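Working notes, structure below.
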Number of protein chains: 2
Amino acid sequence: MTTISDGEEIVFEQPCPIRDVLDRIGNQWSLLILEALAPGTLRFNALMREIGDISKQMLSRTLKQLEQDGFITRTLYPEVPPRVEYALTDLGRSFLEPMQQLVAWAESHHRAIVEARTRYQANPEQR
Amino acid sequence: MTTISDGEEIVFEQPCPIRDVLDRIGNQWSLLILEALAPGTLRFNALMREIGDISKQMLSRTLKQLEQDGFITRTLYPEVPPRVEYALTDLGRSFLEPMQQLVAWAESHHRAIVEARTRYQANPEQR
DNA sequence: GCTTACGGTCTGTCTTTTAGACCATCTATT
DNA sequence: AATAGATGGTCTAAAAGACAGACCGTAAGC
């Protein structure tokens with residue numbers, strides 16, 4: 001992400017929206033979190049368990065980003081121990097559709113990719 | 001990526017294909033490269049110019065991955081100076097469809113995301 | 001009084017990304 | 001004749017990012 005100093009304030013350049021969106025959702029964790037939230041609201045630790053191998057830090061940070069970008073809401077119930085619920089917004093839900101297409105593609109072409117890798121490793125002569 | 005030692009050899013776990021596919025195409029550069037190649041074959045330096053702010057190293061590395069995974073082909077013409085052409089395979093082209101959907105979503109919801117960010121920064125009190 | 005659970009933050013380490021120099025060969029310019 | 005630029009990369013050192021794990025305060029359960 002390029003930043004240019006415009007007088008006193010910092011301006012974030014977003015030449016094409018794709019870059020901008022990719023910066024956020026173009027990482028493993030964001031997509032996995034959105035997928036985990038697709039069926040419904042989840043709490044912090046429930047998300048951790050659902051995803052399995054994400055660290056607290058990355059979950060916390062990614063959730064913050066997703067909230068910031070309007071994909072999810074964060075609701076804190078001031079109980080003890082605290083309860084925090086994360087849920088998709090309309091924007092987040094609208095993103096599910098293209099994402100599901102991607103996931104579907106991944107599932108149906110996974111075998112082809114694995115095969116391509118095997119082929120690649122079997123023919124190192126032409127490199 | 002989790003690895004478990006299975007007796008003598010190392011086994012790479014790929015519990016869900018989504019993780020596996022995301023590992024490769026779930027990064028900025030891969031998607032941008034595939035998008036750049038969508039209209040047709042391009043040479044190395046042409047790709048650099050097209051994408052603009054990618055380093056040679058990352059371009060080289062990501063192209064290698066994409067080739068490995070069967071998304072693109074690499075054709076070296078042994079001339080001087082050397083000419084290397086990158087083109088989408090059928091697999092790569094088939095990926096364009098879900099990707100275009102994602103790009104379309106990004107374009108049409110970009111404004112909403114930027115607005116969400118602005119709102120977020122305007123209301124720091126509830127955090 | 002010790003452990004567990006909650007939702008995180010902080011720290012130090014490890015990995016990835018980046019910018020930029022470098023390589024060999026040829027053509028075009030000065 | 002010297003030099004600059006283009007080709008498609010690799011290499012290195014520094015910056016940025018991700019990770020695991022310790023830590024926090026409060027309260028309930030044992």
Side-chain angles (χ1 to χ4, degrees), chain A residues 1-4 10 12-13 19 22-33 36-37 41-68 72-87 120 124 126-127, chain B residues 1-4 10 12-13 19 22-33 36-37 41-68 72-87 120 124 126-127:
Chain A
M1 186 63 59
T2 332
T3 67
I4 46 174
I10 302 294
F12 287 86
E13 281 270 290
R19 300 283 193 117
L22 244 52
D23 268 3
R24 305 303 167 125
I25 56 86
N27 68 72
Q28 197 180 178
W29 300 132
S30 296
L31 289 188
L32 290 175
I33 290 173
L37 287 177
T41 300
L42 280 181
R43 300 174 61 173
F44 188 87
N45 281 343
L47 268 169
M48 283 215 62
R49 281 187 293 268
E50 191 70 23
I51 296 178
D53 56 348
I54 189 172
S55 69
K56 286 181 166 212
Q57 194 172 55
M58 281 312 292
L59 179 56
S60 170
R61 227 189 283 171
T62 311
L63 284 170
K64 218 171 276 179
Q65 278 190 356
L66 289 174
E67 186 198 357
Q68 193 173 159
I72 62 175
T73 57
R74 177 184 186 275
T75 315
L76 165 66
Y77 298 88
E79 309 167 354
V80 169
R83 183 159 58 101
V84 181
E85 289 188 345
Y86 293 94
Y120 188 88
Q126 48 221 3
R127 288 188 295 277
Chain B
M1 185 63 61
T2 330
T3 66
I4 46 173
I10 301 294
F12 287 86
E13 279 272 289
R19 300 284 192 116
L22 244 53
D23 268 2
R24 305 302 167 124
I25 56 86
N27 70 73
Q28 195 179 179
W29 299 134
S30 295
L31 289 188
L32 289 174
I33 289 173
L37 287 177
T41 298
L42 280 180
R43 300 174 62 174
F44 188 88
N45 281 343
L47 268 169
M48 284 215 61
R49 282 187 293 268
E50 190 71 21
I51 296 179
D53 56 347
I54 189 172
S55 69
K56 286 181 166 214
Q57 196 172 51
M58 278 312 289
L59 180 55
S60 170
R61 229 189 282 173
T62 311
L63 284 171
K64 220 170 277 179
Q65 277 190 356
L66 289 174
E67 188 199 357
Q68 193 173 157
I72 62 174
T73 58
R74 177 183 185 276
T75 315
L76 164 67
Y77 298 89
E79 309 167 352
V80 168
R83 182 160 58 100
V84 180
E85 289 189 346
Y86 293 93
Y120 188 87
Q126 49 220 7
R127 288 188 296 277

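Predicted, not measured: the structure shown is a model, and the values here were computed from it.
Residues B:E85 and A:P81 both approach DNA chain D. Their nearest nucleotides, taken by heavy-atom distance, put B:E85 toward the 5′ side.
Whole-Å rounding puts the A:L63 CG to C:dG7 C1' distance at 11 Å. The distance from atom CG of B:L59 to atom P of C:dA19 is 13 Å, rounded to the nearest whole Å. One atom, CD1 of A:I54, and another, C1' of C:dG7, lie 14 Å apart when rounded to the nearest Å. Nucleotide C:dT17 holds its P atom 14 Å from the CG atom of B:L32, rounded to whole Å. Summarising the geometry, the separation between CE on B:M48 and P on C:dA19 is reported as 9 Å, rounded to the nearest angstrom. Computed from coordinates, the A:N27 CG to D:dA18 C1' distance equals 11 Å when rounded to whole Å. In this structure, B:K56 atom NZ and D:dT12 atom C1' are separated by 15 Å, rounded to whole Å. Residue A:I51 contributes atom CD1, which lies 13 Å from atom P of D:dA20 at whole-angstrom precision.
Smallest separation of non-hydrogen atoms from B:L59 and B:F44: CD2-O, 3.7 Å. Here the shortest heavy-atom pairing between A:D53 and A:W29 reads O-CH2, 3.6 Å. Considering all non-hydrogen atoms of both residues, B:A36 and B:L42 come closest at O-CD1, 3.6 Å.
Of the side-chain N and O atoms in B:S60, one or more sit less than 4.0 angstrom from OP1 or OP2 of D:dT10. Distances shorter than 4.0 Å separate none of the side-chain N or O atoms of A:R43 from OP1 or OP2 on C:dA5. At the phosphate of D:dT7, OP1 or OP2 sits under 4.0 Å from a side-chain N or O atom of B:R49. A close approach under 4.0 Å does occur between a side-chain nitrogen or oxygen of B:K64 and OP1 or OP2 of D:dT10. Remark: A:W29 is not in phosphate contact with D:dG17, judged by side-chain N or O atoms under 4.0 Å from OP1 or OP2.
When each of C:dA19, C:dG8, D:dA27 is scored by its nearest atom to the side-chain atoms of A:Y86, the top-ranked nucleotide is C:dG8. You'll find that the side chain of B:S55 is closest to C:dA19, out of C:dA19, D:dG8, C:dC26. Of the listed nucleotides (C:dC26, D:dT26, C:dG7), C:dG7 has the atom at the smallest distance from the side chain of A:P82. Listed candidates were C:dT17, C:dG7, D:dC19. Nearest to the side chain of A:M58 is D:dC19.
Contacts of A:E79 with the nucleic acid, taken as non-hydrogen atoms under 4.0 Å apart, are absent.
In this structure, the side chain of A:S60 does not engage the main chain of A:K56 through any donor-acceptor pair within 3.5 Å.
Side-chain N/O atoms of A:Q57 and base N/O atoms of D:dA18 include no donor-acceptor pair closer than 3.5 Å.
Atom CZ of B:R43 sits about 12.0 Å away from atom OG1 of B:T75, to the nearest 0.5 Å.
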